[in-house]
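Below is one structure, written out as structure tokens, with a few remarks after it.
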Amino acid sequence: MKEKYAPLFKNFTFKSGVELHNRVVMAPMTNCSANGDGTVSDAELAYYARRSSGVGMVITACTYVTPNGKGFPGEFGGDRDEMIPSLSRLAKAIKGEGAKAILQIFHGGRMVPASLVDGDVVSASTVPAAGNPIPRELSAAEVDAIVKAFGETTRRAVESGFDGVEIHGANGYLIQQFFSPQTNRRTDKWGERLAFPLAVVDEVKKVVSEHAKTPFVVGYRFSPEEPETPGITMADTLELIDALKEKNLDYLHVSQGEFWSVPRRGVDDSRTRLEIIRERAGDSVPVIGVGSIYTADDALQALSTGVPLIAIGRGLIIEPDWLQKIENGQEDQIVTKIDKNNQDQLVIPNPLWNMIVNTPGWFPGV
Ligand SMILES: Cc1cc2nc3c(=O)[nH]c(=O)nc-3n(C[C@H](O)[C@H](O)[C@H](O)COP(=O)(O)O)c2cc1C
């Protein structure tokens, strides 16, 4: 390995005590390849195992915490105890190759395809997502039940041998719908926009303290801004961070397509969003940055901003041996465009492969 890449290979220990053997994380990526009954398929297991021997930690595709939270066809389930053997296989496939395994827990809210939830699309309020029906506003009792469901899926993650969970508060799904002034128009206590995200965090932390016998990571992922007005601004996000800082979380994960993106509005600051967020998080909670990191130098430059961990999504689908190549001094051989003739060698399940090759502009090389 070239000496300059050594910072990528430093250990990192989370507050909970879970230790990573390097600074690179596989970003959560839905692959739509589960079995019809919601169990993780063999193709998914092979896909994850292929990508778990280099990175320090793998965050899985999101899993739904209640049946009406299912956001994608072929999404594996975490909503009932019968899924524990399936989740255990996934944790084992990842950990067996040396990475820590983090389950991303999720509810799709107004974004779920109506056909996946018998038409019962729900959200904080009756504001539809583009192209989707008007969602039904959840009753206060139903909101309480979904908070509990996030805890129950966390218990299943503990019992399945995962090293942690990531609360999916990003990308426009239910938790973000409660935080956003665009989608939360409620007048009850859940109209306080931080109430639902923080209730989920508290429930997950409570379940971990009751059930985990070994160190267990709890992370939180959020999107820093929404394009619409009204919508989440950087000012809102800084408030969210201040609240999350009090929750003794292991990390915050900033969901972005581009690591170096800058604020749209809400702060008078020309630095990147990540620099602003990292400064606000301070010493209270480490931040994971992500977005269009493909080469070893991209990663090094990202780490040099002071974020302790970086996540890579598409780059690890395209190049499963990303870290190993750097470790072996072959960083110039890292593949950065998808090879459309190489599905088998890349160990990519058919549904994910079809999405990649049929969506121009999504992955480099397509
Ligand atoms: C195929 C695919 C599926 C994704 N699914 C999820 C998901 O389930 N949960 C999530 O938080 N982000 C998801 N994302 C976003 C990624 O985690 C990541 O933030 C984004 O791809 C930018 O990182 P990259 O440029 O390294 O790919 C997905 C991205 C891709 C490409």
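Whatever order the structure lists ligands and atoms in, that order sets their numbers, starting from 1. Below, each value reflects all heavy atoms present in this structure, side chains not excepted, and no hydrogens, waters or symmetry copies.
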| request: Please verify whether a non-hydrogen atom of Gln256 lies at under 4.0 Å from ligand 1. | output: yes
| message | Please check if the number of heavy atoms outside Asp37 that lie under 6.0 Å from its CG is greater than 12. | response | yes
| query | Between Tyr220 and His253, does the ring centroid distance fall short of 6.0 Å? | reply | no
| note | To atom 24 (P) of ligand 1, the nearest of Met26, Arg314, Glu166 on a heavy-atom basis is Arg314
| message | Any salt bridge linking Glu152 with Arg156? Criterion: basic side-chain nitrogen under 4.0 Å from a carboxylate oxygen. | response | yes
| query | Are Gly315 and ligand 1 in contact, using a heavy-atom cut-off of under 4.0 Å? | reply | no
| task | Flag the pair Phe106 / Tyr64 as yes when their ring centroid distance falls below 6.0 Å, and as no otherwise. | result | no
| message | Just to be sure I'm reading this right: ignoring hydrogens, which of His168, Glu258, Arg221, Met355 gets closest to atom 15 (C) of ligand 1? Compare them by their nearest heavy atoms. | response | Arg221
| message | Considering non-hydrogen atoms of the protein only, which is the closest contact for atom 29 (C) of ligand 1, and what is the distance? | response | Met29 CG, 3.7 Å
| message | I need the atoms of ligand 1 closer than 4.0 Å to a non-hydrogen atom of Ala27, numbered in the order shown. | response | 17 (O)
| message | Taking Ala124's backbone N and O only, do any of them form a donor-acceptor pair with Gln177's side chain (distance below 3.5 Å, no angle check)? | response | no
| query | Is Asp297 salt-bridged to Lys4, going by a charged N under 4.0 Å from an acidic O? | reply | yes
| Atoms in ligand 1 with a heavy atom of Ile312 nearer than 4.0 Å | 26 (O)
| query | At under 4.0 Å between heavy atoms, which part of Ile356 makes contact with ligand 1: side chain, backbone, both or neither? | reply | neither
| request: Please work out whether any backbone atom (N, CA, C, O) or any side-chain heavy atom from C-beta onward of Phe106 is under 4.0 Å from ligand 1, and answer side chain, backbone, both or neither. | output: neither
| query | Which residue and non-hydrogen atom of the protein lie closest to atom 26 (O) of ligand 1, and at what distance in Å? | reply | Gly313 N, 2.8 Å
| query | Are the charged groups of Asp321 and Arg50 less than 4.0 angstrom apart, N to O? | reply | yes
| said: According to a hydrophobic-cluster definition based on side-chain heavy atoms being under 4.5 Å apart (Ile, Leu, Val, Met, Phe, Trp, Tyr only), do Met57 and Ile326 belong together? | reply: no
| task | Give yes if a backbone or side-chain nitrogen or oxygen of Gln104 is under 3.5 Å from a nitrogen or oxygen of ligand 1, and no if not. | result | yes
| Taking atom 3 (C) of ligand 1 as the reference point, the nearest protein heavy atom with its distance | Thr30 N, 3.3 Å
| message | Both conditions, 6.0 Å and 45 degrees, for the charged tip of Arg23 above the ring of Phe12: are they met here? | response | no
| field | Nearest candidate to atom 2 (C) of ligand 1, where distance is taken over non-hydrogen atoms, out of Phe363, Phe259, Trp362, Tyr294 | value | Trp362
| Nearest neighbour in protein (non-hydrogen) for atom 17 (O) of ligand 1 | Pro28 O, 2.7 Å
| request: Indicate yes or no: does Arg155 engage Asp81 in a salt bridge with an N to O separation below 4.0 Å. | output: yes
| Enumerated ligand 1 atoms positioned under 4.0 Å from heavy atoms of Cys62 | 8 (O)
| query | To the nearest 0.1 Å, how far is atom 23 (O) of ligand 1 from its closest protein heavy atom, and which atom is that? | reply | Val290 CG2, 3.4 Å
| query | Does even one non-hydrogen atom of Ala170 get within less than 4.0 Å of ligand 1? | reply | no
| note | Closest non-hydrogen atoms of Tyr5 and Ala296, given as atom of the first, atom of the second and distance, are CE2-CB, 3.5 Å
